Peer 1: 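Here's a structure for you.
Bear in mind the structure is a predicted one, so any value in this text is a computation, not a measurement.
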Amino acid sequence: METITLERVLPAVFAERPHCEASEVWRREVTLRRGEYCLFEAASGAGKSSLCAFLYGMRRDYEGRILFDGTDSRTLSPAAWEGLRRRSLSYLFQDLRLFGELTVAENLALKNDLTGFLRREEIDRLLAEAGIADKRDVPAARLSVGQQQRVAFVRCLCQPFDFILLDEPVSHLDPANGEILARLLVAEARRQGAGILVTSVGNRLPLPYDKILTL
């Protein structure tokens with residue numbers, strides 16, 4: 001996938017909200033290109049997580065159109081969505097969505113066994129660079145929220161992608177750990193020639209953004 005285009009997209013719940021007129025995204029035409037890094041910044045409640053859910057096909061309660069290489073995403077079949085999520089779109093959820101009873105390694109295997117993308121030693125290297133190698137065999141529920149956030153980050157690298165969506169990826173991290181994740185992310189995005197789409201309520205993932213848009 002080379003482009004994602006938003007054509008006058010607006011969450012249905014915002015239809016009567018006048019403040020959306022000031023948005024650089026809602027009710028605008030915005031094209032996101034593979035290889036570009038884009039930050040969507042706004043206050044809480046402005047629709048950052050909704051935007052990610054729309055792009056990932058988890059929600060359809062919006063006006064306008066979202067086009068993948070010119071194809072309206074609403075027309076995609078379940079099988080087409082499955083293929084996109086396996087090969088073209090990766091997503092770091094704001095609420096992380098780890099299985100607390102499973103170990104870190106087991107959580108990562110759920111994704112990597114589906115994609116076969118990384119070797120065991122590559123996953124171990126990512127855990128080490130993220131500072132959580134010693135947590136590999138610990139149940140996710142026993143980790144701090146910041147450690148869980150790093151596990152979820154590593155999980156979203158366990159697949160090929162043209163675009164990666166990260167919803168407030170450093171909300172529970174200190175600046176030093178944010179820098180580490182940014183370095184790992186840029187290295188992988190460059191390797192795959194991928195675009196990076198990040199949302200932030202103020203604590204930015206430190207990247208060389210091509211676009212910074214206000215919701």
Side-chain angles (χ1 to χ4, degrees), residues 1-7 9 22-26 28-44 46-58 66-70 73 84-96 111 115 117-118 122 125-126 129-131 146 149-215:
M1 186 192 315
E2 296 297 324
T3 62
I4 299 174
T5 301
L6 309 177
E7 288 189 345
V9 171
S23 172
E24 295 177 304
V25 177
W26 302 136
R28 309 290 181 187
E29 183 159 328
V30 178
T31 297
L32 310 168
R33 293 179 172 82
R34 184 177 178 186
E36 291 183 342
Y37 304 165
C38 182
L39 175 68
F40 297 97
E41 203 161 40
S44 180
K48 297 181 299 299
S49 295
S50 295
L51 175 62
C52 289
F54 298 157
L55 293 173
Y56 202 62
M58 296 173 60
I66 295 174
L67 309 178
F68 295 150
D69 288 341
S73 63
L84 281 172
R85 293 171 184 149
R86 186 187 293 260
R87 296 184 298 271
S88 294
L89 291 172
S90 188
Y91 186 7
L92 175 57
F93 299 91
Q94 185 180 355
D95 59 2
L96 307 182
K111 169 63 74 72
T115 64
F117 188 62
L118 296 180
E122 291 175 311
R125 176 185 59 79
L126 287 171
E129 293 195 38
Q149 195 162 44
R150 281 177 275 170
V151 174
F153 172 82
V154 172
R155 182 182 60 188
C156 74
L157 299 185
C158 291
Q159 69 165 89
F161 53 85
D162 300 318
F163 290 89
I164 184 167
L165 319 174
L166 303 104
D167 193 6
E168 298 193 42
V170 290
S171 56
H172 299 285
L173 299 182
D174 57 67
N177 277 304
E179 291 279 357
I180 291 170
L181 295 198
R183 176 173 52 80
L184 293 174
L185 179 62
V186 167
E188 185 59 28
R190 285 177 176 167
R191 187 170 77 88
Q192 298 199 45
I196 301 174
L197 310 178
V198 182
T199 73
S200 171
V201 73
N203 185 17
R204 293 182 178 182
L205 181 67
L207 297 177
Y209 292 105
D210 299 290
K211 296 177 181 177
I212 297 177
L213 301 173
T214 301
L215 284 177

Peer 1: Less than 6.0 Å separating the ring centroids of Y56 and F54?
Peer 2: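 Ring centroids of Y56 and F54 are no less than 6.0 Å from each other.
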
Peer 1: Between atom SG of C38 and atom CD1 of I4, what is the distance when rounded to the nearest 0.5 Å?
Peer 2: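 Going from SG on C38 over to CD1 on I4, the span is 10.0 Å.
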
Peer 1: List for me each residue that meets salt bridge (charged side-chain N to carboxylate O under 4.0 Å, His left out) alongside D95, sequence neighbours excluded, and say none if there are none.
Peer 2: R97

Peer 1: side-chain hydrogen bond (donor to acceptor under 3.5 Å, both in side chains) with E7: which residues, sequence neighbours excluded?
Peer 2: R65

Peer 1: Under 4.0 Å between a Lys/Arg side-chain N and an Asp/Glu carboxylate O for R191 and E188?
Peer 2: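 Looking at R191 and E188, the cut-off is met.
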
Peer 1: Within this structure, what is the CD-CZ distance for the pair Q192 and R34, rounded to the nearest 0.5 Å?
Peer 2: 8.0 Å

Peer 1: With the threshold set at 4.0 Å, does a side-chain nitrogen-carboxylate oxygen contact exist between E129 and R183?
Peer 2: yes

Peer 1: Can you give me every donor-acceptor pair (side chain of residues 207-215, partner residue at least two apart or in another chain, under 3.5 Å) with its distance?
Peer 2:
from	atom 1	to	atom 2	distance (Å)
Y209	OH	L205	O	2.6
D210	OD2	Y37	N	2.8
K211	NZ	T31	O	2.4

Peer 1: Quick check for you: to the nearest 0.5 Å, what is the distance between L39 atom CG and I196 atom CD1?
Peer 2: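 Interatomic distance, L39 CG to I196 CD1, rounded to 0.5 Å: 11.5 Å.
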
Peer 1: List the atom of Q149, the atom of S171, and the distance in Å for their closest heavy-atom pair.
Peer 2: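 Scanning both residues, the minimum pair turns out to be NE2-OG, 3.1 Å.
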
Peer 1: Taking all atoms of both residues into account, what is the closest heavy-atom pair of S73 and F68, and its distance?
Peer 2: CB-CE1, 3.8 Å

Peer 1: To the nearest 0.5 Å, what is the distance between CG (L165) and OG1 (T199)?
Peer 2: 9.5 Å

Peer 1: Write down the atom of L173, the atom of G146, and the distance for their closest heavy-atom approach.
Peer 2: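 Heavy atoms only, the tightest pair is CD2-O, 3.4 Å.
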
